[in-house]
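Predicted model, so just to flag it, every value in this text is computed and none were measured.
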Amino acid sequence: MVASKSFSGFPGGVKLNGGKPMSFVYIQVRSMKYFILLLISLSFQSFALEQRAFIPEKTKKNGYVEPFKMFDDVYYVGDKWVSSYLITTSSGLVLIDTLESPYGRWIPDSIKKLGLDPNDLKYIIITHGHSDHIGAAEYIQRNYGSQIIISYEDFLLAKSTSKESTGNNHFIPPKVDSFTKDKDELIVGNKRFKFYSTPGHTEGCLSIDFFVKNKGIDHRAFIVGGNGTNFNGLDLAEKYVQSVEKIRNISRTSPEVEVNLASHPHMAQIFERKSKYSEEMNPFIDKNGFQEFLDVLEVRGTKKLLKEQTQ
C-alpha cells in the first residue's frame, strides 16, 4: 500500500480498489446507511398516515348521526355526543369543532351528503382543546387545507392531550398560524364571527357570536365554548362562574341571542328539536331556551365553586 494525502480524517489516505481512497469507500458506506435509515423513516411515516386514515363504521353504536339542515346556512355534522356545525358563507365553508378522532373523519363525507364540497372548507374553529372537539382537526386540515382558529391556551392543552391519546383515538394537533383572543373577529364572505374568551371548562375556551338565516331572516346565534364542570381547581371554578355571567350579559344586548348551538347536542335538545322541525316552524329559534340553558350552567358553576371552596 502507498501512503498519500489524508482524506476525511483517515491518516495516510490508504488507497484500495483501483486507486480509490479508503475514506471514499467509508463515505459511500455512510451514505448508504443514511439512505436506508431515510427509507425506514419514510415507511414509518407512511404507515402512520395509513393508521390515521382509518375511518370507523357509520353505526348507531359508534354514535353516527346523518347530517341535517338547521338553518339556511347551518348544518349539523356532529355525532350523537358532540356537536359539529357547518356554516356556509359567500366565500366558502366554516366548520366549528371536529369531534373525537377517528369519528370526526366522517365529517368530509357528511359535507358531501349535504351537497357541499369539503374542498371549500376555509376555516375550522375550535371551541376548546379537549380531544372530542379537536380530535379530527389535523386530519381535515391535512386533506383540505383549512386554517385553524383556536386560543393559545387551548392549543397547548391540545398538544398535551394528544400525547396521551392512543390507538384509533390518537390525534395530532393541527398547524396554527395565529391565535385568537377575546373580542377578535373573523369575516368570511358575508359572515362575521365574534369570539369571546370564556375560561372555566378549560383555560382558553372560545365562545362564538354570529348570525344565522332562517328563510332569509337573520337570527343571532351563540356557541358557548365549554359546558361541563369536569375540571379541578378554584381558579377555573371562579372563571367558569364569571364566564357564564359574561355570556348572559352579552346575550341580552340587542338583538338578543335566539339560537343555542351547544357544543354537546343534549345541552340544547338538538335531536328533539330536529324532530319538530317543519317549513312553518323552526324549533331551533328559542330565545327563552338559551337563557334557560345559561340557568343550567349557572347552577353547575355555583355548585362546582362551592365544592372547590370547601376543599
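Side-chain atoms of Thr302 never come within 3.5 Å of backbone atoms of Val299 as a donor-acceptor pair (strictly under, hydrogens ignored). Between the side chain of Tyr103 and the main chain of Gly78, no donor-acceptor pair closer than 3.5 Å is present. Under the 3.5 Å distance criterion, the side-chain polar atoms of Trp106 are left unmatched by any main-chain donor or acceptor of Asp79. The main-chain N or O of Gly92 is never found under 3.5 Å from a side-chain atom of Asp120 such that the two would form a donor-acceptor pair. Between the Asn62 side chain and the Lys58 main chain, no donor and acceptor come within less than 3.5 Å of each other. The closest donor-acceptor contact from the side chain of Ser146 to the backbone of Lys122 lies at 3.5 Å or more, if one exists at all. Within the 3.5 Å criterion, the main-chain N or O of Tyr196 finds no donor-acceptor partner in the side chain of Asp182. With Lys191 contributing its side chain and Phe211 its backbone, the two residues share a donor-acceptor pair below 3.5 Å. No donor-acceptor pair under 3.5 Å is formed between the side chain of Ser197 and the backbone N or O of Lys181. Remark: side-chain polar atoms of Arg220 are paired, donor with acceptor, to backbone N or O of Pro255 under 3.5 angstrom.
Residues Pro283 and Met281 are in side-chain contact: their nearest non-hydrogen atoms beyond the backbone lie under 4.5 Å apart. Using a 4.5 Å heavy-atom threshold, the side chains of Ile270 and Met70 count as touching. Looking at Phe171 and Ser131, their side chains come closer than 4.5 Å, going by heavy atoms from C-beta outward. The side-chain heavy atoms of Tyr144 and Pro118, taken from C-beta on, include a pair separated by under 4.5 Å. At a threshold of 4.5 Å between non-hydrogen side-chain atoms, the residues Phe193 and Tyr123 do not count as touching. Considering only heavy atoms from C-beta on, Ser251 comes within 4.5 Å of Leu294 through its side chain. Contact of the Phe68 side chain with the Val77 side chain is not registered, since no non-hydrogen atoms from C-beta on lie closer than 4.5 Å. By the 4.5 Å heavy-atom criterion applied to side chains, Ile148 and Pro174 are counted as neighbours.
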Evaluation steps, side-chain contact (heavy atoms from CB on, under 4.5 Å), between Ile111 and Asp117:
CA-CA 6 Å; Ile111 294 173; Asp117 186 351; 5.9 Å; no

Working note: Glu203 + Leu236, criterion side-chain contact (heavy atoms from CB on, under 4.5 Å); need CA distance, chi angles, decisive distance, verdict.
CA-CA 7 Å; Glu203 188 64 48; Leu236 280 180; 3.5 Å; yes

Can Glu279 and Lys215 be said to form a side-chain contact (heavy atoms from CB on, under 4.5 Å), step by step?
CA-CA 9 Å; Glu279 285 298 318; Lys215 295 183 178 179; 4.2 Å; yes

Assess the residue pair Lys213 and Asp73 against the criterion (salt bridge (Lys or Arg N to Asp or Glu O under 4.0 Å)); give the C-alpha distance rounded to whole Å, side-chain angles, the decisive distance to 0.1 Å, and a yes or no.
CA-CA 6 Å; Lys213 287 187 181 294; Asp73 47 8; over 6 Å; no

Please step through salt bridge (Lys or Arg N to Asp or Glu O under 4.0 Å) for the pair Asp295 and Arg300, ending with a clear verdict.
CA-CA 9 Å; Asp295 291 341; Arg300 282 185 174 187; over 6 Å; no

Check the pair Leu121, Leu86 against side-chain contact (heavy atoms from CB on, under 4.5 Å), reporting the backbone distance first and the verdict last.
CA-CA 9 Å; Leu121 272 173; Leu86 183 71; 3.9 Å; yes

Would you sort out whether Thr198 and Ser243 count as a side-chain hydrogen bond (donor to acceptor under 3.5 Å, both in side chains), showing the intermediate values?
CA-CA 5 Å; Thr198 52; Ser243 290; 5.0 Å; no

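Clustering ILVMFWY residues whenever any of their side-chain heavy atoms sit less than 4.5 angstrom apart, transitively, puts Leu186 in the very cluster that holds Ile87. Residues Phe195 and Ile150 fall into different hydrophobic clusters, defined by Ile, Leu, Val, Met, Phe, Trp and Tyr side chains chained together at heavy-atom separations under 4.5 Å. Taken together through direct or relayed side-chain contacts under 4.5 Å among Ile, Leu, Val, Met, Phe, Trp and Tyr, Val212 and Leu95 form parts of separate hydrophobic clusters. Hydrophobic clustering of Ile, Leu, Val, Met, Phe, Trp and Tyr side chains at less than 4.5 Å, counting indirect connections, unites Tyr85 with Ile208. Grouping the Ile, Leu, Val, Met, Phe, Trp and Tyr side chains by contacts below 4.5 angstrom, directly or via other members, places Phe71 apart from Phe290.
Heavy-atom contacts from other residues, nucleotides or ligands closer than 6.0 Å to NZ of Lys159 number 12 or fewer. Enclosure of atom CD in Glu57 is not indicated, since only 12 or fewer non-hydrogen atoms of other residues, nucleotides or ligands lie within 6.0 angstrom. In this structure, Glu245 places its CD atom where only 12 or fewer heavy-atom neighbours from other residues, nucleotides or ligands lie under 6.0 Å away.
In this structure, His201 has its ring center no closer than 6.0 Å to that of His133. Remark: aromatic rings of Tyr76 and Phe271 are close, center separation under 6.0 Å.
To the nearest 0.5 angstrom, Arg252 atom CZ is 12.5 Å from Ile247 atom CD1. Separating the CG atom in Asn282 from the CD atom in Glu258 is a distance of 10.5 Å, to the nearest 0.5 Å. To the nearest 0.5 Å, atom SG of residue Cys205 and atom CD1 of residue Ile126 are 12.0 Å apart. With rounding to the nearest 0.5 angstrom, the CD1 atom of Ile140 is 5.5 Å from the OG1 atom of Thr98. The distance from atom OG1 of Thr127 to atom CG of Leu261, rounded to the nearest 0.5 Å, is 12.0 Å. For the atom pair Tyr64 OH and Thr59 OG1, the distance stands at 11.0 Å (nearest 0.5 Å).
Between the side chains of Asp97 and Ser84, no donor-acceptor pair of N or O atoms lies under 3.5 Å. For the residue pair Thr202 and Asp154, a side-chain donor N or O sits within less than 3.5 Å of a side-chain acceptor on the partner.
Under the 6.0 Å distance and 45° angle rule, Arg105 counts as a cation-pi partner of Tyr139. The cationic atom of Lys304 (NZ for Lys, CZ for Arg) does not lie both less than 6.0 Å from the six-membered ring centre of Tyr240 and within 45° of the ring axis.
Shortest non-hydrogen contact noted between Trp81 and Pro265 is O-CD, 3.3 Å. Here the closest heavy-atom approach between residue Val188 and residue Val94 is recorded as CG2-CG2, 4.0 Å. Contact between Val296 and Met267 at its shortest, heavy atoms only, is CG1-CE, 4.2 Å. Contact record, Ala158 with Pro173: O-CG, 4.1 Å, taken as the closest heavy-atom pair.
Ring geometry for Tyr152 against Phe179 counts as perpendicular: the plane angle is over 60°, on a 0 to 90° scale with 30° as the lower cut. Ring geometry for His128 versus His130: interplanar angle over 60°, hence perpendicular rather than tilted (30 to 60°).
Between Arg273 and Asp286 there is a salt bridge, with a side-chain nitrogen of the basic residue lying less than 4.0 Å from a carboxylate oxygen of the acidic one.
When the options Glu256, Glu292, Glu298 are evaluated for a salt bridge (Lys or Arg N to Asp or Glu O under 4.0 Å) with Arg248, the one that passes is Glu298.
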